[in-house]
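What follows is a set of notes on a single structure, which appears directly below.
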Amino acid sequence: IPGYGDSPPVEMVVTAQGRRTFLDHVLQELGMQRPVLVSPSMSGRFSLPFLLAHGDRLAGFVPIAPVGTKDYTAEQYRSVQTPTLILYGDRDTRLAPQALQNLQHLPEHRVAVLPGAGHACYLDKPEDFHRALLGFLRQLK
């Protein structure tokens, strides 16, 4: 993610609109048509503005305890029709409950909880994570 960790700061990602535009450019450059966007943790700052503005361009959305869910209203979430798998580890007791509380307003959502997994549930329980993700992908149109 630009501007995080050791990556250089990028001026355009300072605002939610800039992050949405940045992600839009990445998807265009990759030539992706209706991708499924998997969004763990800090990537929520990019994926959520994109989802709310361009959710119709995604085949699916998989938030994994993303940050920034409280920045949007229940009404904004209710307007999104993108099939969503809300995925998190049951040992993530800080960010996951907050994300679930907000993301459950997405009308086309389901929830998968990985027992014994923390915030990086895909690292803690990779087989369970992939099983849940593949099950969701198989059900998409």
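Along the sequence shown, residues carry numbers from 1. Both backbone and side-chain heavy atoms feed into the values below; hydrogens, waters and symmetry mates do not.
What you find for Leu85 and Ala112 is that their closest heavy atoms are CD1-CB, 3.8 Å. Pro115 and Val113 make their closest contact through CD-O, 3.2 Å (heavy atoms, listed as atom of the first residue, atom of the second, distance). When all heavy atoms of Arg45 and Val67 are compared, the pair lying nearest together is CG-CG2, 3.6 Å. Taking each heavy atom of Ser47 and Leu23 in turn, the nearest pair found is CA-CD2, 4.0 Å. In this structure, Ala99 and Ala65 approach most closely via the heavy-atom pair CB-CA, 4.1 Å.
For the pair Phe50/Thr21, no side-chain contact is recorded, criterion being any heavy-atom separation below 4.5 Å from C-beta on. Side-chain contact between Ile64 and Phe129 is present, with at least one heavy-atom pair separated by less than 4.5 Å. At least one side-chain heavy atom of Leu48 sits under 4.5 Å from a side-chain heavy atom of Thr69. For the pair Val38/Leu87, no side-chain contact is recorded, criterion being any heavy-atom separation below 4.5 Å from C-beta on. Side-chain contact between Asp124 and Leu114: absent, with no pair of heavy atoms (C-beta onward) separated by less than 4.5 Å. Within the 4.5 Å cutoff, side-chain heavy atoms of Phe136 are placed close to those of Arg110. Looking at heavy atoms from C-beta onward, Leu103 lies in side-chain contact with Pro66 at the 4.5 angstrom threshold.
Ion pair Arg57/Asp24 flagged as a salt bridge, since at least one NZ, NE, NH1 or NH2 atom sits closer than 4.0 Å to an Asp/Glu carboxylate oxygen.
Residues Leu137 and Met32 do not share a hydrophobic cluster, defined by chaining ILVMFWY side chains whose heavy atoms lie under 4.5 Å apart.
Within the structure, side chain to side chain donor-acceptor pair (under 3.5 Å) pairs that include any residue of residues 80-93 comprise Asp92-His119 (at least two apart or interchain).
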*Report the C-alpha distance between Ser43 and Ser39 in whole Å, list the side-chain angles of each, state the deciding distance to 0.1 Å, and finish with yes or no for side chain to side chain donor-acceptor pair (under 3.5 Å).*
CA-CA 6 Å; Ser43 68; Ser39 179; 2.8 Å; yes
*Begin from the C-alpha positions of Leu58 and Val36 and carry the test side-chain contact (heavy atoms from CB on, under 4.5 Å) through to its verdict.*
CA-CA 6 Å; Leu58 298 172; Val36 173; over 6 Å; no
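Looking at His130, its side chain never comes within 3.5 Å of a backbone N or O of Glu127 through a donor-acceptor pair. Side-chain N or O atoms of Arg78 include none that pairs as donor or acceptor with a backbone N or O of His105 at under 3.5 Å.
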